[in-house]
J.: 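A single structure is presented below for examination.
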Amino acid sequence: MTDIREFDIAVIGGGPAGIMAAIHAARGGRKVCLVDRKKSPGYPVRCGEAIGLKGFTSSVSLKPEWIKSKITRMKLVSPSGLAVTVPNSYEGYVVDREKMESDLTDEAVSLGAEFMPDTSIVSVTPADSRGYLCASREASFEAQCVILAEGVESRLARGLGWATSLDLRDVHSCAFARVAHDAVEQGACVFHLGTRLAPGGYVWVFHRGGNTANVGLGVVGARCKRGMPKDLLEAFIREKFPGARVSDLHCAGVPMGRWLRPLVRGGVMLAGDAAHMMNCTSGAGIAYALYSGKTAGAVAAEAFENGKLRRDPLKRYQEQWASFYGKQQGRSYAIKEALIDFADPFLDDVARAVTRKGAKSLTILSIFMRAFWTRPLLLLKVFRLLR
Amino acid sequence: MIAVERSRCDECATCVAVCPVDAILLDAGITIDGGKCISCGKCVDVCPFGALSPDDGVVPPGTEGRNHD
């Protein structure tokens with residue numbers, strides 16, 4: 001039996017949540033490792049890469065070299081093709097996530113975290129009263145605190161007692177690609193709605209510098225059939241961007257339910273997609289992941305006293321998450337659940353109604369208000385879900 | 001049982017996330033544990049690239065169209 005290495009805090013998963021957890025755990029002076037299954041962080045990018053500056057900078061300061069384009073407007077296209085353009089009232093960008101995650105991983109390492117790429121943890125088990133054994137074929141080690149940021153699969157968390165299996169209503173099956181074509185609208189985030197294009201979800205086209213865009217779509221799991229997202233994405237690209245250069249075709253599952261509770265069990269914390277943290281109306285998860293990772297890492301580091309982890313203070317993580325983003329996710333879930341039963345004609349109604357108003361005074365909020373005005377039952381349903 | 005077409009798999013783990021019985025392992029490709037799999041077909045439906053299929057080409061009786069319990 002060889003000596004087993006020991007860490008104060010082990011972070012499993014090198015996406016935005018895990019990297020931030022490692023940065024803040026290391027900044028707190030702990031002995032930290034950051035483990036990732038892949039050889040390099042941030043690749044492949046399974047994401048639309050759009051961020052709102054406000055949410056982003058509550059965790060990370062945006063570096064100019066990460067920016068691929070500045071979002072100047074949002075455009076919603078209804079099922080019948082009616083376009084509603086909303087000038088962007090929040091500062092937003094499309095970012096190069098591969099570059100961002102590579103830089104942030106370097107930061108974690110410069111702060112003293114040990115990066116272990118190309119390492120698959122197959123199990124996390126309580127080792128004694130104070131720690132956990134993280135086992136992989138490559139290297140097994142012990143840690144007093146484990147932060148699970150393993151992404152949507154959340155399988156290690158399942159092994160530790162969390163009910164992570166996603167209901168098919170609460171997952172979007174997504175496919176996306178980089179598209180180069182002259183029809184890409186500069187500075188726009190375009191959302192196409194409609195059952196024909198993406199049942200229960202939407203198609204997004206986010207300008208990513210030059211004539212390129214991230215194009216992707218999500219189909220709600222309950223209405224998805226074998227291979228549908230890829231087929232629909234290819235059909236959309238053929239229709240809107242004929243002859244385009246298409247690269248980086250990838251896929252993902254996006255959790256669209258409530259965040260998992262509790263976020264802390266014993267010395268284990270969940271962050272990011274692994275905890276099902278997501279804005280369920282927009283499908284935006286980067287800001288949530290960054291914040292949850294940062295908070296989990298900082299709270300974990302603070303919970304150590306004379307080199308020993310005190311587990312009780314870890315619970316502050318859930319309190320901080322719940323008040324910062326948890327409530328917002330709850331509202332987004334209620335809106336998603338309310339909208340899911342409304343069919344395409346409703347969305348066309350709303351689009352017609354708001355375009356009549358004139359584009360100058362349009363905001364996302366006014367579109368929602370119009371939706372509620374058109375269908376008062378919708379408002380009732382949202383209230384009921386929020387209770 | 002479910003069959004895996006490795007050349008189509010992008011290792012996105014959506015199947016792992018929806019499996020109700022923890023029968024799928026992602027580690028350099030997908031492996032399905034035949035002892036645990038209940039052939040519910042959820043993974044087949046949600047795989048964005050269509051890399052999974054019922055092994056015999058037939059959905060087991062009583063599970064067709066059963067997307068969530």
J.: Can you tell me which portion of A:S154 sits under 4.5 Å from chain B's heavy atoms? Options are side chain, backbone, both or neither.
T.: neither

J.: Please look at B:L26 and chain A and tell me whether the side chain, the backbone, both or neither of the residue comes under 4.5 angstrom of a heavy atom of that chain.
T.: both

J.: What distance separates A:R223 CZ from B:D45 CG, expressed to the nearest 0.5 Å?
T.: 13.5 Å

J.: Nearest 0.5 angstrom please: B:D27 CG to A:R37 CZ, how far?
T.: 7.0 Å

J.: What are the two closest non-hydrogen atoms of A:K230 and B:F49, and how far apart are they?
T.: CD-CD1, 3.5 Å

J.: Below 4.5 Å, heavy-atom pairs only: which of B:A28, B:C47, B:C19 has the largest tally toward chain A?
T.: B:C19

J.: Looking at chain B, which one of A:C174, A:P44, A:A175 has the largest number of heavy-atom pairs inside 4.5 Å, strictly under?
T.: A:C174

J.: Would you mind checking which part of A:V152 comes under 4.5 Å of any heavy atom in chain B, side chain (CB onward), backbone (N, CA, C, O), both or neither?
T.: both

J.: Can you confirm whether A:R245 is buried at CZ, in the sense that more than 12 heavy atoms of other residues, nucleotides or ligands lie under 6.0 Å from that atom?
T.: no

J.: Heavy-atom pairs under 4.5 Å with chain A: which of B:A13, B:C43, B:G41, B:G50 has the most?
T.: B:G50

J.: Could you give the distance from CG (B:L25) to CZ (A:R155), rounded to the nearest 0.5 Å?
T.: 5.0 Å

J.: Is a donor on one side and an acceptor on the other found under 3.5 Å between the side chain of A:R226 and the backbone of B:L52?
T.: yes

J.: With a 4.5 angstrom heavy-atom cut-off, could you sort out which part of A:L249 is near chain B: side chain, backbone, both or neither?
T.: both

